[in-house]
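Below is one structure, written out as structure tokens, with a few remarks after it.
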Number of protein chains: 2
Amino acid sequence: MANQKLFKGSLNTIILKLLDENGKMYGYEITQKVKLLTKGELNITEGALYPALHKLESEGLLEVEMLKVDNRLRKYYSLTEVGSKETVNKLSELEAYLKTMQTLLTPKLA
Amino acid sequence: MANQKLFKGSLNTIILKLLDENGKMYGYEITQKVKLLTKGELNITEGALYPALHKLESEGLLEVEMLKVDNRLRKYYSLTEVGSKETVNKLSELEAYLKTMQTLLTPKLA
DNA sequence: CAAATATACATAATTTACTTATGCATAAAA
DNA sequence: TTTTATGCATAAGTAAATTATGTATATTTG
């Protein structure tokens with residue numbers, strides 16, 4: 001299992017990316033999706049997720065819609081226009097980071 | 001420039017990896033090496049580096065040797081035996097993390 | 001049928017790993 | 001001679017987590 005510490009700083013990007021792919025999702029769904037996609041490698045805690053969603057919403061990147069499904073209330077989040085643009089930025093930042101780390105890990109060939 | 005926030009959590013691994021490659025290094029040298037290797041993408045601040053080195057030393061992963069070079073005192077750090085083993089662990093954790101993140105970023109093909 | 005687990009959201013207290021700012025000291029360059 | 005580079009260090013503040021709770025309903029299991 002990958003060190004959970006390493007994921008620090010990439011949570012927002014993960015959320016944005018998932019919403020970009022899936023249109024709209026609710027909190028619990030995000031935690032389950034991430035667990036599934038990463039084969040249990042990454043387990044987003046609720047204490048991290050919900051405050052992160054609230055922050056992204058307050059920053060205007062996400063918008064909320066309450067829906068009752070099976071007599072259960074869910075808060076569905078989706079990207080705003082601003083959020084979509086920011087997603088592009090965050091993703092390229094993350095890709096740059098991943099590339100940089102790969103460079104550091106790969107023994108120089110020269 | 002990659003978001004510096006993303007590097008949170010990977011500093012120790014970077015330090016260990018560099019020492020593993022170069023045998024021994026001093027603090028300032030590490031900052032310059034990282035700047036060079038990442039083409040300026042990552043600038044390790046002194047406020048992050050020195051406490052990290054001290055912590056790794058106190059944990060028994062690094063050992064120190066003071067050397068006077070050109071009338072300047074340098075603290076050279078190198079891996080202990082325990083440190084070498086831990087480097088292997090940290091590197092595989094980091095690789096697992098990078099792979100996981102790549103998976104999350106790559107649109108599923110199924 | 002009762003108890004445990006899953007679903008669903010939320011927040012407060014604490015911890016951790018940084019950034020920012022500052023300090024000291026010497027050497028080299030402008 | 002003043003700035004920049006080299007070299008180490010630490011204190012204060014901040015951001016983003018973890019851990020621990022709390023509430024509530026639905027479903028599964030023994």
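Computed over heavy atoms, backbone and side chain alike; hydrogens, waters and symmetry mates excluded.
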### Task
Let me know, please, whether A:Lys8 or B:Tyr26 comes out on the 5' side of the other along DNA chain D by nearest nucleotide.
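Per heavy-atom nearest nucleotide, the more 5' residue is B:Tyr26.
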
### Message
Between A:Ser10 and A:Asp70, which residue's closest nucleotide on DNA chain D lies nearer the 5′ terminus?
### Response
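By nearest-heavy-atom nucleotide position, the 5'-most residue is A:Ser10.
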
Presence of [X] side-chain N/O under 4.0 Å of [N] phosphate oxygens OP1/OP2:
| X | N | value |
| --- | --- | --- |
| B:Asn71 | C:dT26 | no |
| B:Lys75 | D:dA9 | yes |
| B:Tyr50 | D:dC8 | yes |
| B:Arg74 | D:dG7 | yes |
| A:His54 | C:dC9 | no |
| A:Asn12 | D:dA16 | no |
| B:Lys5 | C:dA17 | no |

Is there a path of hydrophobic side-chain contacts, each under 4.5 Å between heavy atoms, that joins [X] and [Y]?
| X | Y | result |
| --- | --- | --- |
| B:Tyr26 | B:Val69 | yes |
| B:Val82 | B:Val88 | no |
| A:Leu73 | A:Leu67 | no |

Nearest-Å distance for atom pair [atom1]/[atom2], residues [X] and [N]:
| X | N | atom1 | atom2 | answer |
| --- | --- | --- | --- | --- |
| A:Leu11 | D:dA17 | CG | C1' | 9 Å |
| A:Tyr97 | C:dC18 | OH | P | 10 Å |
| B:Ile44 | D:dG7 | CD1 | P | 16 Å |
| A:Glu46 | D:dA24 | CD | C1' | 13 Å |
| B:Lys35 | D:dT6 | NZ | C1' | 11 Å |
| A:Tyr28 | C:dT5 | OH | P | 14 Å |
| B:Tyr77 | D:dG7 | OH | P | 14 Å |
| B:Lys55 | C:dC18 | NZ | C1' | 12 Å |

### Query
How would you label the contact of A:Gly47 with the nucleic acid (heavy atoms, under 4.0 Å): base, sugar-phosphate, or nothing?
base

### Query
Roughly how far, to the nearest 0.5 Å, is NZ of A:Lys17 from CG of A:Leu19?
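With rounding to 0.5 Å, CG (A:Leu19) is 11.5 Å from NZ (A:Lys17).
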
### Message
Taking the side chain as everything from C-beta on, heavy atoms only, tell me whether B:Arg74 gets closer than 4.5 Å to B:Met66.
### Response
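Answer no - side chains too far apart.
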
### Message
For a quick check, tell me whether the side chain of B:Gln4 and the base of C:dC18 share a donor-acceptor pair closer than 3.5 Å.
### Response
no

